[in-house]
A.B. asks: 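Pasting a structure here, questions to come.
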Amino acid sequence: MTGTEPVDEAARTEGGGPAHRTADGFRRLYGSPPEGVWAAPGRVNLIGEHTDYNDGFALPFALPQRTEVAAARRADGTVRLHSADIPSGVVTVHPAELDPARPPAGAAGWAAYPAGVLWALLEAGLPVGGADLHVRSDVPAGAGLSSSAALEVATALALTELYGIALTRPELAALARRAENAYVGVPCGVMDQTASACATEGHALHLDTRTLEQRHIPFDCAAAGLRLLVVDTRVKHDLADGAYAERLASCHGAAAELGLTALRDLPYAELDAALARLDDPVRVRRVRHVVTENERVVRVEELLRAGRLRETGPLLTEGHASLRDDYEVSCPELDLAVATANAAGAHGARMTGGGFGGSALALIDTDAEEAVTAAIAKAFDAAGFTAPRVTAAAPAAGAQRVL
Ligand code: GLA
């Protein structure tokens, strides 16, 4: 679909759903209707954490929370960016002046993501021109739910469809990741952008981050009498700080030391022998996490395929222990959320995303929602932590044109 039709006035005012609100915001701001509205979701990763920069496996799914971009082409080549959520005014970008060494900063820092996408599209030689963009999102920022990827993917989809550029979803994800790596300066893997671009409703996405092979695995908690809670600890994480890059360097160093292309190439059965060859106790722990985590993804996928959803719980909790003790990317709030959920009857729980804050997830029986939510709120209060935000999540659709 190429987004060259102006949004029909009647369609825009009917219903008044979120896409219409985004379109209305665009019209009020720029004085004419957008040509379309494109949306991309945040994600939760069920299992497979810190594996994507080790050529490993991940199993994310898309959240119903999404970022919408209303957009229209401009003839003068300029790109104007505006956020309904962040008071930075309209940020004007001149494509010829885009420089990864000088991304928008300060209050306009959010604009580095769409500007980076524009930069990545141009760098790839794609014929994108000027555009006006108005962005609105209900993906909480800094909650480990990939608000950045949602913004990147929605922008990439909007700009490419506006200009009739046909890209596959994995290509879109790769360009969005390129924007984050090379323009924003965060050395992330490809999981978040792939989940946002490629996930499908009702499914978890099994992603092989080496081959980029994808499998859509039915994941229907409600049908199994289960619910997946997302606990946003409200502890802000910042992947741009050095800890993420340090984990990545440690993994790549360990792979080289073991004579492997990536830690993905270390079979689970050979883990102990490989660990015995490493001197650095930190590398031992990092490698043990990555290899056991890949194995957990394999086992969770098998259980989901067999319809044995409840039994994934202990693997989630094992994954959390590994991230806490071996990978050292958890924090007291995440640990408390996991321990409390499990003590209150969850089948399993773990932190999700990059860590150092952000969100945890808990797999619970449907009728335990109130008790688990209350237990977590009480425990956070007793510990003097900021009240967490607890929501239930079910796999939603990946990026799409919504108006
Ligand atoms: C962040 C990164 C992802 C991935 C996760 C950890 O979300 O953006 O690429 O590495 O952390 O699994």
Side-chain angles (χ1 to χ4, degrees), residues 2-4 6-7 12 19 21-40 66-137 139 141 147-165 167 172 175-186 193 240 399 401-403:
T2 59
T4 51
V7 173
R12 203 172 43 71
R21 276 200 282 144
T22 309
D24 280 341
F26 181 100
R27 196 189 42 171
R28 279 198 302 278
L29 183 71
Y30 295 118
S32 57
E35 294 183 74
V37 179
W38 290 264
R66 65 192 195 185
T67 296
E68 293 184 348
V69 173
R73 288 167 295 171
R74 286 175 62 85
D76 66 358
T78 305
V79 173
R80 295 194 294 177
L81 306 166
H82 181 264
S83 163
D85 314 307
I86 300 163
S88 65
V90 174
V91 181
T92 301
V93 168
H94 301 288
E97 293 166 15
L98 284 171
D99 179 357
R102 288 184 298 116
W110 72 273
Y113 297 90
V117 168
L118 176 67
W119 173 85
L121 294 170
L122 293 169
E123 186 208 36
L126 298 168
V128 257
D132 284 333
L133 270 61
H134 172 65
V135 176
R136 213 170 55 86
S137 181
V139 186
S147 59
S148 313
L151 176 54
E152 290 154 2
V153 171
T155 304
L157 192 62
L159 288 175
T160 52
E161 291 202 354
L162 272 180
Y163 279 94
I165 301 163
L167 293 180
L172 207 68
L175 281 163
R177 179 200 182 189
R178 171 90 186 130
E180 184 144 352
N181 287 171
Y183 188 87
V184 181
V186 178
Q193 291 80 6
R401 184 176 182 168
V402 290
L403 203 66

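Throughout, residue positions are numbered sequentially from 1 according to the sequence presented.
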A.B. asks: Would W38 and E161 count as a side-chain hydrogen bond (donor to acceptor under 3.5 Å, both in side chains) here? Give the steps.
C.D. replies: CA-CA 9 Å; W38 290 264; E161 291 202 354; 2.8 Å; yes
A.B. asks: So do the side chains of V128 and I165 get within less than 4.5 Å of each other, counting heavy atoms only?
C.D. replies: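 Result yes, sub-4.5 Å side-chain heavy-atom pair found.
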A.B. asks: Tell me, do L159 and L121 make a side-chain contact under 4.5 Å, heavy atoms counted?
C.D. replies: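 Yes, at least one pair of side-chain atoms sits under 4.5 Å.
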A.B. asks: Atom CG of L172 and atom OG1 of T160: how far apart are they, to the nearest 0.5 Å?
C.D. replies: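 L172 CG to T160 OG1: 5.5 Å, rounded to 0.5 Å.
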A.B. asks: Do you know which two heavy atoms are closest between E152 and A176, and how far apart they sit?
C.D. replies: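 Closest heavy-atom pair between E152 and A176: OE1-O, 3.5 Å.
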A.B. asks: Contact between E180 and S148 at the side-chain level, heavy atoms closer than 4.5 Å - yes or no?
C.D. replies: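 The answer is yes, as the side chains (C-beta and beyond) meet within the 4.5 Å cut-off.
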A.B. asks: Going by the salt bridge (charged side-chain N to carboxylate O under 4.0 Å, His left out) test, name the single residue among R73, R401, R74 that passes it with E35.
C.D. replies: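 Exactly one candidate clears the test, R73.
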A.B. asks: What is the ring orientation for H134 with H82, classed by angle as parallel under 30°, tilted 30 to 60°, or perpendicular over 60°?
C.D. replies: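 It falls in the parallel class, under 30°.
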A.B. asks: Considering all heavy atoms of both residues, which atom of Y113 and which atom of L151 are nearest to each other, and what is their separation?
C.D. replies: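 Smallest interatomic distance, heavy atoms only, reads CB-CD2, 3.7 Å.
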A.B. asks: For A71 and F26, which heavy atoms make the closest approach, and how far apart are they?
C.D. replies: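 Minimum heavy-atom contact is CA-CE1, 3.9 Å.
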A.B. asks: For A19 versus V37, what's the shortest heavy-atom pair and its separation?
C.D. replies: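 Reported closest heavy-atom pair: O-CG2, 3.9 Å.
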A.B. asks: Nearest heavy-atom pair of V135 and D85: which atoms, and what distance?
C.D. replies: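 Nearest heavy atoms, V135 then D85: O-OD2, 4.3 Å.
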A.B. asks: How close do A115 and V93 get, counting heavy atoms only, and between which atoms?
C.D. replies: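 Closest pair (atom of A115, atom of V93, distance): CB-CG2, 4.4 Å.
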A.B. asks: For residues T78 and R80, determine if any side-chain heavy atom of one lies less than 4.5 Å from a side-chain heavy atom of the other.
C.D. replies: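 T78 reaches R80 side chain to side chain.
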A.B. asks: Does a side-chain heavy-atom distance below 4.5 Å link Y183 with E123?
C.D. replies: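 No, too far: nothing below the 4.5 Å cut-off.
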A.B. asks: Would you say T22 and R136 are linked by a side-chain donor-acceptor pair, where the criterion is simply a distance under 3.5 Å?
C.D. replies: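 Side chains of R136 and T22: pair found under 3.5 Å.
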A.B. asks: Quick check against the 3.5 Å criterion: does D132 have a side-chain atom that pairs as donor or acceptor with the backbone of A72?
C.D. replies: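 Checked: no pair found.
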A.B. asks: Carefully, step by step, assess R21 and D24 under the rule salt bridge (charged side-chain N to carboxylate O under 4.0 Å, His left out).
C.D. replies: CA-CA 5 Å; R21 276 200 282 144; D24 280 341; over 6 Å; no
